[in-house]
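Some notes on the structure that comes next.
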Amino acid sequence: QVQLVESGGGLVQAGGSLRLACAVSGRTLSSYAMGWFRQGPGKEREIVARITWSGGNTYYADSVKGRFTISRDYVDNTVTLQMNSLKLEDTAVYYCAAGRGRPPYTTSYDYAYWGQGTQVTVSS
C-alpha cells in the first residue's frame, strides 16, 4: 500500500509559479515511477510529468515542457512539481500517482496509487 497526499495548489496569476508537493508513505518506491497528472474542466486526465524514483529519469508533456520541473527528494520522501510561467490552460486538478507499470510510464494505467488531487487555478 502506497499513500499519496498532494499539497500546494491554489490560485495564481498567469505567468506566476506554484510548487506542488506529493508526500509519499507506505512501501518502498525503489521500483516505482512517480507521476503528476491533471484534469482540467471538461477535459480528460492527462500526464503532466513523471520521474522514476530510483533513476530520476524524467518525462514531460509537450504542453508543459520547459515550464514545469518534476523532482523527488529521498530525505523528505516527496515528489515535487515546480510550475513556472503558468498559463490559463494549466488550470486543473493535479494528481500525484505512483506505479510500476512499464516504460515509458506515461499512461494512467501504469499507476496503481493516486492522491486525492489539489486544485490549481490560473487567472488572467
Side-chain angles (χ1 to χ4, degrees):
Q1 182 69 28
V2 174
Q3 295 176 313
L4 309 172
V5 180
E6 303 97 331
S7 63
L11 177 65
V12 65
Q13 288 185 301
S17 299
L18 280 177
R19 178 180 291 178
L20 305 183
C22 176
V24 185
S25 62
R27 63 187 61 185
T28 179
L29 301 175
S30 61
S31 62
Y32 281 72
M34 303 297 302
W36 282 99
F37 291 76
R38 69 185 182 187
Q39 186 167 14
K43 299 180 179 180
E44 299 293 328
R45 183 172 56 185
E46 62 180 359
I47 183 75
V48 176
R50 70 103 176 94
I51 187 169
T52 57
W53 185 258
S54 59
N57 175 267
T58 58
Y59 166 88
Y60 297 94
D62 289 341
S63 59
V64 307
K65 193 172 298 182
R67 299 188 297 121
F68 291 9
T69 303
I70 189 171
S71 61
R72 80 270 199 250
D73 189 316
Y74 295 116
V75 176
D76 293 336
N77 214 32
T78 58
V79 179
T80 298
L81 185 69
Q82 178 66 46
M83 305 185 294
N84 298 326
S85 302
L86 283 162
K87 305 175 180 179
L88 266 61
E89 50 263 43
D90 293 320
T91 295
V93 177
Y94 284 71
Y95 297 91
C96 179
R100 45 181 178 178
R102 62 184 66 188
Y105 311 104
T106 54
T107 171
S108 61
Y109 296 109
D110 295 314
Y111 299 86
Y113 304 98
W114 296 82
Q116 72 288 146
T118 185
Q119 177 71 47
V120 172
T121 302
V122 183
S123 63
S124 61

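What you see is a predicted model, and the numbers here were worked out from it, not measured in a lab.
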What is the minimum heavy-atom distance between Arg38 and Ser63, and which atoms define it?
-> NH2-OG, 3.4 Å
In this structure, CD of Gln13 is separated from OG of Ser124 (nearest 0.5 Å) by 8.5 Å
Work out which heavy atom in Ala98 is nearest to a heavy atom in Val2; give both atom names and the distance.
-> CB-CG1, 4.3 Å
Quick one: does Tyr95's side chain have a donor or acceptor within less than 3.5 Å of a partner on Glu6's backbone?
-> no
Is Asp90 salt-bridged to Lys87, going by a charged N under 4.0 Å from an acidic O?
-> no
If you take all heavy atoms of Leu81 and Ala49, which pair is closest and at what distance?
-> CD1-CB, 4.2 Å
Any side-chain heavy-atom pair from Val12 and Ser17 closer than 4.5 angstrom?
-> no
In this structure, are over 12 heavy atoms from other groups packed under 6.0 Å from Glu44 atom CD?
-> no
Kindly check if the number of other-residue, nucleotide or ligand heavy atoms within 6.0 Å of OH (Tyr74) is above 12?
-> yes
Are the side chains of Val24 and Tyr32 in touch, meaning some heavy atoms are under 4.5 Å apart?
-> no
Backbone N or O of Ser31 within a donor-acceptor pair of the Ser54 side chain at under 3.5 Å?
-> no
Linking I/L/V/M/F/W/Y whenever their side-chain heavy atoms sit closer than 4.5 Å, directly or via other members, would Tyr59 and Ile51 fall into one cluster?
-> no
Gln119 and Thr121: side chain donor to acceptor below 3.5 Å = yes
Closest non-hydrogen atom pair, Tyr94 against Val48 | CE2-CG2, 4.1 Å
Donor-acceptor contact present, side-chain Arg67 to main-chain Ser85, <3.5 Å | yes
Can you find a pair of side-chain heavy atoms, one from Arg50 and one from Pro104, that are under 4.5 Å apart?
-> yes
Given side chains that start at C-beta, do those of Leu20 and Met83 come closer than 4.5 Å, heavy atoms only?
-> yes
Find out whether Trp36 and Val79 are in side-chain contact, i.e. whether some heavy atom of one side chain is under 4.5 Å from a heavy atom of the other.
-> yes
Check: Trp53 and Arg72 side chains under 4.5 Å, non-hydrogen atoms | yes
Measure across Met34 and Cys96 and return the closest heavy-atom pair with its distance rounded to 0.1 Å.
-> CE-SG, 4.0 Å
Could you check if a side-chain atom of Phe68 sits within less than 4.5 angstrom of a side-chain atom of Leu86, using non-hydrogen atoms only?
-> yes
Transitively linked via ILVMFWY side-chain contacts under 4.5 Å: Leu4 with Val93?
-> no
State, yes or no, whether a side-chain contact exists between Tyr60 and Thr69 at a heavy-atom distance under 4.5 Å.
-> yes
Look at the side chain of Gln116 and the backbone N and O of Val5, then say whether any donor-acceptor pair between them is shorter than 3.5 Å.
-> no
In short, Ala14 meets Leu88 closest at the heavy-atom pair CB-CD1, 3.8 Å
Atom pair OG1 (Thr58) and CD1 (Ile70), whose distance is rounded to the nearest 0.5 Å = 8.0 Å
